[in-house]
Protein chains: 2
Amino acid sequence: MDEIEKVLRQHRVRPTAIRLLMYKFLQERKVAVTLNDIESGFDKSDRTTLYRTIKTFEKNGLVHQIDDGTGVAKYALDEPQTARAGNTQNLHLHFHCTSCNETVCLTDHTIPHISLPEGFVTQDVNLVLKGTCDKCSRK
Amino acid sequence: MDEIEKVLRQHRVRPTAIRLLMYKFLQERKVAVTLNDIESGFDKSDRTTLYRTIKTFEKNGLVHQIDDGTGVAKYALDEPQTARAGNTQNLHLHFHCTSCNETVCLTDHTIPHISLPEGFVTQDVNLVLKGTCDKCSRK
DNA sequence: GCAAATAATGCACTTAAGTTGCATTTTTTT
DNA sequence: AAAAAAATGCAACTTAAGTGCATTATTTGC
Ligand SMILES: [Mn+2]
Ligand SMILES: [Mn+2]
Ligand SMILES: [Zn+2]
Ligand SMILES: [Zn+2]
């Protein structure tokens, strides 16, 4: 049995043809992708299916959505170990390059703790750095 | 001459009727507002005008746009002192309450410095904490 | 293995925010 | 006051996201 198939099953996602293809597609890309990026990567299949597929992935903890401020949602695979470990890796920061428009997960860089005024309870954090990425700043 | 009128002129924004009204509207609200919020606050005037007005404010340093992850842009007045001082206040974090859907500027809470891998150059930071605000957590 | 039940897919259509073009009105400049 | 520049209002367009429903594929119970 395929390795990807196993991962999907572990997350209770039935491994259909499109789902396997999309997972592979996400693995190949090192950066976060939009639904349009995914659509461009598949000659076949319909937008809606791809949309629902990525949402299924998200709901079942296979990918996370990234809001980098560009206005369009991006998605990236969760770290494989995340599910097993205490998902510390899950909360990481993202870097959005305003030059090439790519957004990457910086899973090594955890988000510093931030103290808030009395009464505020934090459940989630979104931290996005914007600027020029390594590739673009070298040019 | 009106005090608001002075502020607008200082930022090279001609003080028209709608602009004065919108600035006052933003002052009264303590939270960040969407374009729809603004629209609801004005019986008169057109969406487009309000849109272009807030964008004029933004371009001229009167307001800043906040992307809190809800998918719709919000806006809040810049701190008055920001323009004169070295705009340290400008870079602050935001708190988005998932219960009442309000987003507030936490101008006292500056964003901690974050070191990045070689080659990455940061120009801007977006830090949004999500959770329950003081009002909602007391209920 | 087969029928019924359940889930996934594809197409059409809808929604909502953001944005632009252009004619009209208002304000500023000369 | 006339000319120029800027602001406003209306209509239309763009794009991403999301829903309804019929069709197709897969899974489950027998
Ligand atoms: Mn990520
Ligand atoms: Mn703010
Ligand atoms: Zn780049
Ligand atoms: Zn609240």
Side-chain angles (χ1 to χ4, degrees), chain A residues 1-2 4-6 8-25 32-60 62-76 96 101 103, chain B residues 1-2 4-6 8-25 32-60 62-76 96 101 103:
Chain A
M1 166 154 67
D2 191 41
I4 295 177
E5 201 174 320
K6 239 186 273 177
L8 295 200
R9 283 199 194 283
Q10 277 166 6
H11 288 79
R12 299 186 202 183
V13 173
R14 269 176 273 267
T16 66
I18 290 174
R19 287 171 177 178
L20 291 169
L21 282 173
M22 189 187 288
Y23 196 92
K24 207 172 296 177
F25 179 81
V33 297
T34 66
L35 187 61
N36 270 335
D37 293 336
I38 297 172
E39 210 183 343
S40 307
F42 293 84
D43 289 339
K44 205 156 184 286
S45 192
D46 171 74
R47 255 182 53 86
T48 312
T49 303
L50 298 174
Y51 169 75
R52 287 198 264 236
T53 299
I54 198 78
K55 285 299 174 190
T56 299
F57 281 8
E58 189 187 6
K59 188 166 33 157
N60 292 75
L62 286 165
V63 305
H64 60 283
Q65 183 178 333
I66 302 158
D67 179 19
D68 64 7
T70 54
V72 305
K74 291 183 181 173
Y75 303 89
H96 173 241
N101 198 34
T103 297
Chain B
M1 166 156 65
D2 191 43
I4 294 177
E5 200 174 322
K6 238 186 273 178
L8 295 200
R9 283 198 194 283
Q10 277 166 6
H11 288 79
R12 299 187 202 182
V13 174
R14 268 174 276 265
T16 66
I18 290 175
R19 286 171 177 178
L20 291 168
L21 282 173
M22 189 187 287
Y23 196 91
K24 207 173 295 179
F25 179 82
V33 297
T34 65
L35 187 61
N36 272 334
D37 294 336
I38 297 172
E39 211 182 342
S40 308
F42 294 85
D43 291 337
K44 207 157 182 288
S45 193
D46 171 74
R47 254 186 80 74
T48 313
T49 304
L50 298 174
Y51 170 75
R52 285 197 266 236
T53 300
I54 199 76
K55 284 300 173 191
T56 299
F57 281 8
E58 189 186 7
K59 188 167 31 159
N60 292 76
L62 286 166
V63 305
H64 60 283
Q65 184 179 332
I66 301 158
D67 180 19
D68 64 8
T70 55
V72 306
K74 292 183 180 173
Y75 303 89
H96 173 240
N101 198 32
T103 297

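Chain letters run A, B, ... following the sequence lines, proteins first, then strands; residues in each count from 1. Only a predicted model underlies this, so the values are computations on that prediction, with no experimental measurement involved.
- Leu50(B) places its CG atom 12 Å from the P atom of dC10(D), with the value rounded to the nearest Å.
- At whole-Å resolution of the value, CG in Leu21(A) and C1' in dT9(C) are 14 Å apart.
- An OP1 or OP2 oxygen of dA17(C) is reached within less than 4.0 angstrom by no side-chain nitrogen or oxygen of Thr34(B).
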**OP:** Mark up nucleotides 15-24 of chain D, 5' to 3', with B wherever a protein heavy atom is under 4.0 angstrom from a base atom, S wherever such an atom reaches only the sugar-phosphate, and - elsewhere.
**Re:** -SBSBBB---
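- For the residue pair Thr103(A)/Lys74(A), the side-chain donor-acceptor check at 3.5 Å is satisfied.
- With rounding to whole Å, Glu39(B) atom CD is found 14 Å from dT19(C) atom C1'.
- The shortest distance between side-chain heavy atoms of Ser45(A) and Leu50(A) falls below 4.5 Å.
- Exactly one of Thr49(A), Ile54(A), Thr16(A), Val63(A) qualifies for a side chain to side chain contact (heavy atoms under 4.5 Å, CB included) with Met22(A). That residue is Ile54(A).
- In this structure, CG of Leu8(B) is placed 14 Å from C1' of dA7(D), rounded to the nearest angstrom.
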**OP:** Using a 4.0 Å heavy-atom cut-off, write out nucleotides 23-30 of chain C from 5' to 3' as B (base contacted by protein), S (sugar-phosphate only) or - (no contact).
**Re:** -----S--
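- Test Lys55(A), Glu58(A), His64(A) against Tyr75(A) for side chain to side chain donor-acceptor pair (under 3.5 Å) and you get one pass: Lys55(A).
- Whole-Å rounding puts the Ile38(B) CD1 to dG18(C) P distance at 10 Å.
- Ring geometry for Tyr23(B) against Phe57(B) counts as perpendicular: the plane angle is over 60°, on a 0 to 90° scale with 30° as the lower cut.
- A donor-acceptor contact closer than 3.5 angstrom links the side chains of Thr48(A) and Asp46(A).
- Atom-to-atom, CE of Met22(A) to C1' of dA8(C) comes out at 13 Å; the value is rounded to the nearest Å.
- If you measure from atom CG of Asp46(A) to atom C1' of dG10(C), you get 5 Å, rounded to the nearest angstrom.
- Between the CD atom in Gln65(A) and the CG atom in Asp68(A) there is a gap of 10.0 Å [rounded to 0.5 Å].
- Atom pair Asp67(B):CG and dA17(C):C1' shows a separation of 13 Å (rounding to whole Å applied).
- With contacts defined as side-chain heavy-atom distances shorter than 4.5 Å, the pair Asn36(B)/Arg47(B) qualifies.
- Counting only N and O atoms by type, the side chains of Thr34(B) and Asp37(B) include a donor and acceptor under 3.5 Å apart.
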